[in-house]
Amino acid sequence: MSSFDTIIRGGRIATASDTFSCDIGIKGGLVAALGYDLGQADEVIDAAGKWVLPGGIDSHVHISQPSGEGIVMADDFESGTRSAAFGGNTTIMPFCLQEKKQSLREALKLYHAKAEGECYVDVSFHLIVADPTEQVLGQELPALVADGYTSFKVFMTYEGLALSDREMLEVMSVARETRALVMVHAENDDAIRFLTDRLERAGKTAPSFHATSRPPIVEREATHRAISLAEIVDVPVMIVHVSNREAMEEIRRAQQKGLKVFGETCPQYLVLTEKDLDGLNMEGAKYVCSPPPRDNASQIACWEGLQQGVFSVFSSDHCPFRHDDPRGKLVPKGRTSFRWVPNGIPGVAARLPILFSEGVVKGRIDINRFVALTATNHAKMYGLYPRKGTIAVGSDADIAIWDPDVTQRLTHSLLRDGSDYTPYEGLEVTGWPVLTMVRGRVVVRNGRLEGQKGHGHHVARDRSAYA
Ligand code: DUC
Ligand code: ZN
Ligand code: ZN
């Protein structure tokens, strides 16, 4: 009888702290041994010449989320988790959106029903708190945190989603009491609406004006305010999808003061700019997301944030819509103003290859920081560590094997999501995940889907290591 179900042989392993060469013995979905001469296994995977890394954890993903009348998100849980696996991810963390007047439990029931039996990789929901009633604050949130939903996102912009400062404080207080982590979308809603109205009155309605309507100062002000509110309550806070230097410096300043303020950035802020929104005939709609991509100086600032630890996580903010589709980016109202163009871009499969190529291959970050930014820190931040996010005896065998020598141009067909484009089309990347394994089972091998949907399941989380 074999000692192991699988042995991964001859690869070079990197974790967030160490780099070493040995074999990995896997049994019952767990890493059971690290060493040499591990003996027999039902399957031996040759990883010579390859990196063997913890599978990516993408802690910022939107799937099957209601997005406005007549608009449909391009990914359901089947296609979204499939795409995640093709991009070297083994866990994703989608949002469960509470609608106004809806209970959070009710919302969660719907999302679980959508995900059940459909997932190729593991999933774990964050909650979006859009209607913080007394019942939600006093009863639902504490009970849900106890059940393993240990993080919630709040929005400072968007009609129907934006919370007042008072409401933010109330949610943050519950987070403090329950040791949950609050994620904040930081943009000043009044300023955006003022600028949007002014642009529309001047006839400036093309997708490119989306970026004009949400300049860096709008993000910087809200970031400062979110940090201040968290300081009042004395609670840790994660500022998500940071796009520019001013917001990044607000986070750095708070960290230097000793506050538990964390930051996240995303691929669109490293390799896209607002110029991408300029395309004629609604081509620019492909790049409409919030905050919008900025300029080259902002890209440099985001790299600095990653290199210097101001940002602890690098996520995709995968929020996919089809482009050539009246239920996606070409929704009829969107032609009348950028205000109505669905907000978000796909990226769950492109995230890791972009950071590997632009970061590790180009020498901006080392392989250990890559692992920290794409897996380990997500696991620690959101209560999945050490079960996930590392390669260690006893951890889930969530592993991605990377060929560092493959060079190719990103193109949508490689990414296997439900959209019809990638905003990163044509970007040359070196390094590619050639095998993705979730709890010991191969899901993707050499560009072919081997996994079964339904193998991925929902994971209840512990408290954040930082809460
Ligand atoms: N915020 C997100 O986190 N994702 C997509 C759109 C948005 O505004
Ligand atoms: Zn957001
Ligand atoms: Zn998002």
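Order of listing sets the numbers, starting from 1, for every ligand and every atom in it.
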With heavy-atom distances below 4.0 Å as the criterion, list the atoms of ligand 1 near [X].
X	result
Y158	6 (C), 7 (C), 8 (O)
C319	5 (C)
H60	2 (C), 3 (O)
N343	5 (C), 6 (C)
D317	2 (C), 3 (O), 4 (N), 5 (C)

Of the protein's non-hydrogen atoms, which lies at the shortest distance from atom 1 (N) of ligand 1, and what is that distance?
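Of the protein heavy atoms, H185 ND1, 3.2 Å lies nearest.
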Report the nearest protein non-hydrogen atom to atom 3 (O) of ligand 1: residue, atom name, distance rounded to 0.1 Å.
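Residue, atom and distance for the closest contact: K153 NZ, 2.5 Å.
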Kindly indicate, with the supporting measurements, whether the criterion side-chain hydrogen bond (donor to acceptor under 3.5 Å, both in side chains) is fulfilled by H60 and H62.
CA-CA 7 Å; H60 190 148; H62 304 264; 3.2 Å; yes
By side chain to side chain contact (heavy atoms under 4.5 Å, CB included) - contacts of D366 (at least two apart)
N368, R369
Quick one: name the protein N/O/S atoms under 2.8 Å from the Zn ion (ligand 2), chain by chain.
K153 NZ, H185 ND1, H241 NE2
Between [X] and [Y], does the ring centre distance come in under 6.0 Å?
X	Y	answer
F311	W303	no
F262	Y466	yes
H378	F314	no

Check E246 against I217 and note the closest heavy-atom contact, atom names and distance.
OE1-CA, 4.4 Å
Does the side chain of I345 come within less than 4.5 Å of Y421's, by heavy atoms?
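Side chain of Y421 against side chain of I345, heavy atoms only: contact under 4.5 Å found.
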Please, which pairs that meet ring-ring contact (aromatic ring centres under 6.0 Å, His included) have at least one residue in residues 150-187, sequence neighbours excluded?
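Of all non-adjacent pairs touching residues 150-187, those that pass ring-ring contact (aromatic ring centres under 6.0 Å, His included) are F155-Y158, F155-H185, Y158-H185, H185-H241.
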Please output the side-chain donor-acceptor pairs of residues 89-97 that fall under 3.5 Å, not counting sequence neighbours, one pair per line with the distance.
from, atom 1, to, atom 2, distance (Å)
N89, OD1, R351, NH2, 2.7
N89, ND2, A84, O, 3.0
N89, ND2, V348, O, 3.0

From R294, H224, R214, residue fulfilling side-chain hydrogen bond (donor to acceptor under 3.5 Å, both in side chains) relative to E219:
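Going through R294, H224, R214 one by one, the side-chain hydrogen bond (donor to acceptor under 3.5 Å, both in side chains) with E219 is satisfied by R294 alone.
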Say whether E187 and ligand 1 are in contact under the criterion: heavy-atom distance to a ligand atom below 4.0 Å.
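E187: no contact with ligand 1 (<4.0 Å).
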Is the shortest distance from a heavy atom of F95 to ligand 1 less than 4.0 Å?
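It does not, in that no heavy atom of F95 comes within the 4.0 Å cut-off of ligand 1.
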Heavy atoms of other groups near Q135 CD, more than 12 under 6.0 Å
yes
Report the name of the N/O/S atom of H62 located nearest to the Zn ion (ligand 3).
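The nearest such atom is NE2.
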